[in-house]
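The structure appears right after this line, and notes come after that.
We name chains A, B, ... by the order of the sequence lines, and we start the count at 1 in each one.
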Number of protein chains: 2
Amino acid sequence: VTTYELILVGFGRVGRRFKGLLDEKRAFLKREGIDVRVAGVVTRSHGCTSGGRPTPFHGTDTVIDLIARSRAAAREGRLVLVETTTLDIARGEPATTHVRAGLAGGAHVITANKGPAAFAYQALSKAARLAERRFLFEGAVMDGVPVFNLVRETLPGVNVSGFRGVINTTTNYMLTAMEGGATFAGALAEMQAAGIAEADASLDVDGWDAAAKTAALANALLDARITPHQVEREGITPGSGRRAAEARRSKRRLKLIASAGRAGDRVTARVALEELPGDDLLASVEGPQNAIVLQTDLVGEIAIVQRGSGLTQTAYALLSDLTTIARARPGARATLRPPPTAPARRSPSPSRRRTR
Amino acid sequence: VTTYELILVGFGRVGRRFKGLLDEKRAFLKREGIDVRVAGVVTRSHGCTSGGRPTPFHGTDTVIDLIARSRAAAREGRLVLVETTTLDIARGEPATTHVRAGLAGGAHVITANKGPAAFAYQALSKAARLAERRFLFEGAVMDGVPVFNLVRETLPGVNVSGFRGVINTTTNYMLTAMEGGATFAGALAEMQAAGIAEADASLDVDGWDAAAKTAALANALLDARITPHQVEREGITPGSGRRAAEARRSKRRLKLIASAGRAGDRVTARVALEELPGDDLLASVEGPQNAIVLQTDLVGEIAIVQRGSGLTQTAYALLSDLTTIARARPGARATLRPPPTAPARRSPSPSRRRTR
């Protein structure tokens, strides 16, 4: 069992649910060889708590300070920075700085924030590679439903050439509700009351959240180097509600579709309202559901669909990222008998080591 | 780079396409640290070829003989038995015996055959665990589209409590075609001409193929201990075509649905015709598509959809399994600097070993 020290940066609903999940899934974590200790918590409003004592630091300085205090864990690959601050769509900050600071200090970084992958995927991935640490963000798109892991872990050798998806829950729910006669304001209020819409409604209805996710997907899956500002973007308006209702009457569905694909050397990405035939897979993605269709060379088109979302799903993404880190740890899943010439690679116990 | 020695048992269309894919994806394999050498080929009709010389052996004896000749590779975890014989629905043989022989001889086993996981998943998994080798069968369901890997690699800690799916291409295509006015015989002939229907039509239309896949899924994902004969089973008939056309007229769809779930301590599994509302995700799975909806505790319902099938998709499943084996090899993806107290764990090169 390896004890991972966690630095929680941001401690809102997602961060707290993640902490709860760590307790609920302790037996599973133990089976994976994972023990966790929270080394510190940083929030913008409450400063920092470490070992029960509030500390006088704030923001990025605090993060750097906490990392410095966990030097031993960092050196041993046991330090994990858990980034759950809210998205800033202008620059993806302060999340990107937190990721950079974490990697520079020898921590793995896992985040449910779209910002870092949407604004700086290539730079952060390179930093992670050089530091021999991981930068993971499964929760950035479709919560804990695997998209990035799906491609990286289960489609080895497959080339993804593009994707299409419904990836913003608020606008998809609103379009479905408005088809049924709800007003724009009413549908939005419902999503805000449910805690699903972003605090700043413009992030959802103007397509910014979808654009950030599109950029993260394009950067990670298509090797693009774009930011959300380079994603061609359309949002929804009260007029979209009328269009959606009309489309439905003619057995079509109006959906806010995120898509990207390679065009020669370039990757083009967009978020746009599209009228889909009723039998299109994305047309049947209703209300709170999300879905992504991947275009691939070896397995054709495959789709992954999230049928419900919620806080646990988002928090689970972080648990999944933590497990990815632990499983990649040398020896973690070494179920093979070592070849005679190689060193033993289970956690060294005296009896095992003697048999070498 | 590790050189894996492959024993190809069965060398029909899937086996040959797999061999072609190994050549096409040589650059990818090299990046994964995989080199391959075909140590031998066994087919029921053509005996065995090893090192270019036809040998006088047949069937399981040949397999055992070939394994014995590759003793060094087996000892080092570099021997992989690739099972692609055709499904025998009565007992899952000879595939299951091949898998058992492979594991007993120290080989990893990868197979596109549903039989072993459908008839003997628990026993074979246990044998693999004890032998410290892998038994992988991603191609048994939905070709190379990940289902087993999806749960094992990307949903750590998630408990799957049941599933529903459309997993037999021939019957799904036939139902779609018959909705549109095709005859049962005509639709079946089309699937046989396309090389998609099993040689023995009963395997598809009587629901046996779906039942075998259902058993494999239930055994691997729900920890069941069932065979295809314990799956409640219904097939399609010319009468199903009339029912499908009627359902369609009332905006519903008739689908052959495979499902399983836990009921107390038991797992119940069935393959049955079901009339689905038009907006059900599985209702929109048309013709050659397949889909599985997983019921889970932490991420709710998620679905994975295969939008087209073919020989390359099936062969890719084997390539994906081979990569899974290589990635689990100690040190294969050890991108972390080892903690100071642990032994080095990259492939042992003299200079590295001296640094320990």
Side-chain angles (χ1 to χ4, degrees), chain A residues 21 25 28-29 32 75-78 129 132-133 143-146 149-150 153-158 279-281 283-284 286 293 298-310 312-313 316 319-320 323-324 327-331 333-345 348, chain B residues 25 28-29 32 75-77 129 132-134 143-146 149-150 153-158 279 281 283-284 286 293 298-310 312-313 316 319-320 323-324 327-331 333-340 342-345 347-348 353 356:
Chain A
L21 212 48
K25 289 283 165 178
F28 157 73
L29 292 170
E32 295 278 335
R75 197 173 45 235
E76 292 164 15
R78 297 187 292 107
R129 248 188 337 269
E132 300 189 316
R133 295 294 177 265
D143 301 327
V145 172
N149 279 332
L150 181 76
E153 303 294 333
T154 74
L155 295 172
V158 166
D279 58 3
D280 188 298
L281 184 136
S284 72
E286 299 283 3
V293 180
L298 293 181
V299 285
E301 280 195 355
I302 73 175
I304 178 111
V305 185
Q306 173 183 31
R307 311 255 287 166
S309 63
T312 298
Q313 271 98 323
Y316 170 70
L319 187 76
S320 146
T323 312
T324 300
R327 286 185 175 180
R329 193 174 176 82
R333 289 205 297 179
T335 53
L336 304 183
R337 192 182 302 129
T341 53
R345 55 192 73 61
Chain B
K25 288 284 164 177
F28 158 73
L29 292 170
E32 295 278 336
R75 198 170 47 233
E76 291 164 14
R129 249 189 335 270
E132 301 189 315
R133 295 293 177 267
R134 302 300 293 267
D143 301 327
V145 172
N149 279 333
L150 181 76
E153 303 294 333
T154 73
L155 295 172
V158 165
D279 58 2
L281 183 137
S284 71
E286 301 281 5
V293 180
L298 293 181
V299 285
E301 280 194 356
I302 73 175
I304 179 113
V305 185
Q306 173 182 31
R307 310 255 288 167
S309 64
T312 298
Q313 270 97 325
Y316 169 71
L319 186 76
S320 146
T323 311
T324 300
R327 286 185 175 179
R329 193 175 177 80
R333 289 206 296 180
T335 52
L336 304 183
R337 194 181 302 130
R345 56 190 72 62
S347 6
R353 302 206 66 191
R356 282 175 58 211

query: Which atoms of Thr154(B) come close to chain A, meaning under 4.5 Å heavy atom to heavy atom: side chain ones, backbone ones, both, or neither?
result: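 Looking at Thr154(B), backbone and side chain both touch chain A.
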task: Give, as side chain, backbone, both or neither, the part of Leu155(B) having an atom under 4.5 angstrom from any heavy atom of chain A.
output: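 Both parts, backbone and side chain.
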query: Taking C-beta and beyond as the side chain, do Arg327(A) and Pro156(B) meet within less than 4.5 Å on heavy atoms?
result: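 Yes. Closest side-chain heavy atoms under 4.5 Å.
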So which heavy atom on [X] is nearest to which on [Y], and how close?
X: Arg133(A); Y: Arg75(A); answer: NH2-O, 3.5 Å
X: Ser284(A); Y: Ser284(B); answer: OG-OG, 4.0 Å
X: Arg134(B); Y: Ala328(B); answer: NH1-CB, 3.6 Å

message: Which one wins on heavy-atom pair count under 4.5 Å against chain A: Gly157(B), Gly144(B), Ser320(B)?
response: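 Answer, by heavy-atom pair count under 4.5 Å with chain A: Gly157(B).
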- request: With sequence neighbours left out, write down each residue that passes side chain to side chain contact (heavy atoms under 4.5 Å, CB included) with Thr312(B), or none if nothing qualifies.
  value: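 Counting only residues at least two positions away or on another chain, Thr312(B) forms a side chain to side chain contact (heavy atoms under 4.5 Å, CB included) with Leu298(A), Arg17(B), Leu21(B).
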message: Quick check on the interface: out of Asp280(A), Val293(A), Leu281(A), Asp279(A), who has the most heavy-atom pairs with chain B under 4.5 Å?
response: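 Top count of heavy-atom pairs under 4.5 Å with chain B: Leu281(A).
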- prompt: Of the listed residues (Leu319(A), Asn149(A), Ile302(A)), which shares the most heavy-atom pairs with chain B below a 4.5 Å separation?
  reply: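 The answer is Ile302(A).
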